[in-house]
Number of protein chains: 2
Amino acid sequence: MKKKETITIYDVAREANVSMATVSRVVNGNPNVKPATRKKVLEVIRNLGYRPNAVARGLASKKTTTVGVVIPDISNAFYAEVARGIEDIATMYNYNIILSNSDLRQERELRLIETLMEKQVDGLLFLGGTITPAHQEIFAASSVPVVLVATEDLEKKLPFVHIDQKEASKEAVMVLLAEGHKKVGYISNPNEDMVQGVPRLEGYKQALRETGMEYDDSIVRYGDNGYRSGYQAMQELLKAEPEMTAVACASDEMAVGALHALQDADKKVPEAFSVIGFHNIPLASQVRPLLSTVSYPMYDVGAVSMRLLTKYMLHEEIEAEQVWLPFSLELRNSTNLKQWPE
Amino acid sequence: MKKKETITIYDVAREANVSMATVSRVVNGNPNVKPATRKKVLEVIRNLGYRPNAVARGLASKKTTTVGVVIPDISNAFYAEVARGIEDIATMYNYNIILSNSDLRQERELRLIETLMEKQVDGLLFLGGTITPAHQEIFAASSVPVVLVATEDLEKKLPFVHIDQKEASKEAVMVLLAEGHKKVGYISNPNEDMVQGVPRLEGYKQALRETGMEYDDSIVRYGDNGYRSGYQAMQELLKAEPEMTAVACASDEMAVGALHALQDADKKVPEAFSVIGFHNIPLASQVRPLLSTVSYPMYDVGAVSMRLLTKYMLHEEIEAEQVWLPFSLELRNSTNLKQWPE
DNA sequence: CTGTTAGCGCGTTCAC
DNA sequence: GTGAACGCGCTAACAG
């Protein structure tokens, strides 16, 4: 690779017979420049192939137009879609994104946040994990705005964008109950997951309660959100309760795994067994039968989070520091009910 | 958010009764510091909660430990997995990643590259698109190393990491041919796609040729790599050639779309019809029947690219500027052949 | 409308 | 081992 000598704002100034300040002005679109000199400067810039150094600019202005994004796993369909929403809005507001995977490991999360702060990001988007006191502390010590994406802190102190998971989960289970199933199993997220797992399981319990049914933990299993775990959980559930005729799952991958376990056990879906998932990732509409699921506005959660962050960074007025986005039910072919009964 | 007054290297120096130079040395692990003063400095750093400013450091050292990644679409399963490989290795070498989506639009690609250069990334990873003369030019003018990921420039001038797609495609089609199918359709990538589409289609043609069969473009369709387009293409193919009994697809999504079109047309897969895909994304093993496909080492392509880039950035010795990674055939249940016949 | 002048926070010689 | 001083490239008052 060649070793281009870097040409600076000073070179442009000299060549154009103006001061650095003037060059800086035209580069930054400051209107206080006579059209003639602006034209001249622009020309020199083109000729010299001048390209402003964002690092120097960042040091001088204390703004990097870069935001940090801590994400559990970019290769996960759910997070990838959220990330897309983030990036699109970031681009719209002229920000770039530093993306890093945490795998939900707290120690990594904290280190990443630290690194991003050192890089002087103008703001931070934190996706996924549980917010511990350690997180609180580092966020509080931070001089830049932070928005939680698809998660919340339990005390609801920090800004966040999310859906009401308990309610969403409850409605999904309600669909199954409305179909008249008497034994409805549940395949949960990992049980140490306070943010996703607990509220969704709670929604399941509440649906049962409201329908006058008993919660029975012998027909609940905990998966790791992946396909395989859904498959296995379903096999166990079938063994544990042969009378079962429906299952709600806390992720679409697990739901599809369950679907296949049922097919392998010669249970027809949805004729003999109903299945409902959570998230509505593309997979849900790429299997047969098409999976009924809770439609989680993944892209929007990302987009709205990023937009909220820009408001903080640009000191715009904030109407709501914490936003609950609506979700909906996508009733397809793994359930019988096709419309929500009001 | 609070307005923490930034504490700098100077503050640490004053507080520890040493010079800035010394603080800089301990922060950067320079051995030329007496253990006692090192200890002292470290202590002050902790007390003050000093956090080095990477922007200032970048300006002074002309290194940002950040690399730019231009990617077509992070919400696409294939690219997301490649990105994960990139990020993991980047982390390992202490680099951060600025990620931006190009949607394969050339104008956006060029602008992104420009922006990343301005941000003084230490290196650039370019995924996906076709390398035009405009790309060549901007890369050539760049002062930082560039590695092409999962693509190549036609003149093979730039470093890249990829697989031999023509060969991979040929082998996939060979599987179908070896099963004895006489009419093997093909669902291609968009036909303007020089990097993916053309070589894979070429592989299809070559397989036919080597088997003494005629290429017939009436049984070839062009999709957009998505599920829907695969579904539609398959329907058209069935209409165009009712005798068809097998189809090769240039992406797994399209293959699964085809699979479902076949099921909807009452064609049993693999008994009456064989289907093979390309990439081996998770979806391929989350549908029934399990999809046979070309296993593309997505994660590895990302990881190896990033590793290669670090070699350039760190001025390590480069054994190969262009690396072809091996691929393999993942023969599952959408084809009958379970082993490659040698 | 334009130029001068300070820094921004840190790495890096070069002396001591 | 340690410190003083310069400079990285640019923005931001402030003057004029």
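Excluded from the calculations below are hydrogen atoms, water molecules and symmetry mates; all remaining heavy atoms, backbone and side chain alike, are included.
- Residue order along DNA chain D, read from the 5' end via each residue's closest nucleotide, puts A60(B) first among A60(B) and K63(A).
- Distance CG (D11(A)) to P (dG9(D)): 9 Å, rounded to an integer number of Å.
- Ionic pairing of D88(B) and R307(B) is not present here: no N-O contact between side-chain nitrogen and carboxylate oxygen is shorter than 4.0 angstrom.
- We find that CE of M20(A) is positioned 13 Å from C1' of dC8(C), with the value rounded to whole Å.
- At a threshold of 4.0 angstrom between heavy atoms, the contacts of V18(B) are confined to the sugar-phosphate backbone, with no base atom among them.
- Rounded to whole Å, the distance from CD1 on I9(A) to P on dT5(C) is 17 Å.
- Protein atom CG of N28(B) is 13 Å distant from nucleotide atom P of dT13(C), rounded to whole Å.
- Distance CG/D73(A) to CD/E81(B): 8.0 Å, rounded to 0.5 Å.
- Taking for each of L59(B) and A21(B) the nucleotide of DNA chain C with the nearest heavy atom, the 5'-most of the two is the partner of L59(B).
- For S19(A) and dT4(C), the shortest distance from a side-chain N or O to OP1 or OP2 is not below 4.0 Å.
- For the pair T22(A) and R57(B), both in contact range of DNA chain C, the more 5′-proximal nearest nucleotide belongs to T22(A).
- Salt-bridge annotation for R105(B) and E109(B): absent, with no side-chain N of the basic residue lying under 4.0 Å from a carboxylate O of the acidic one.
- What separates CZ of R25(A) from C1' of dG3(C) is a distance of 8 Å, to the nearest Å.
- S61(B) has no side-chain polar atom (N or O) that falls below the 4.0 Å cut-off from OP1 or OP2 of dC10(C).
- Rounded to whole Å, the distance from CD1 on I7(A) to P on dC10(D) is 8 Å.
- Here the C1' atom of nucleotide dG7(D) and the OH atom of Y10(A) are 14 Å apart, to the nearest Å.
- At the phosphate of dG9(D), OP1 or OP2 sits under 4.0 Å from a side-chain N or O atom of T6(A).
- T8(B) comes within contact range of the sugar-phosphate backbone alone, with a heavy-atom separation under 4.0 Å but no base atom that close.
- Between K62(B) atom NZ and dG11(C) atom P the separation is 14 Å, expressed in whole Å.
- Checked against a 6.0 Å centroid threshold, the rings of F160(B) and F126(B) do not count as neighbours.
- Residue N32(A) is in base contact, counting any heavy-atom pair closer than 4.0 Å across all strands shown.
- You'll find that the side chain of K34(B) is closest to dT2(D), out of dT2(D), dC1(C), dG7(C).
- Across all strands, N17(A) comes closer than 4.0 Å only to sugar-phosphate atoms, never to a base (heavy-atom distances).
- For the pair R57(A)/V27(A), a side-chain contact is recorded, criterion being any heavy-atom separation below 4.5 Å from C-beta on.
- In this model, the phosphate group of dC10(C) is approached by a side-chain N or O of Y50(B) to a distance below 4.0 Å at OP1 or OP2.
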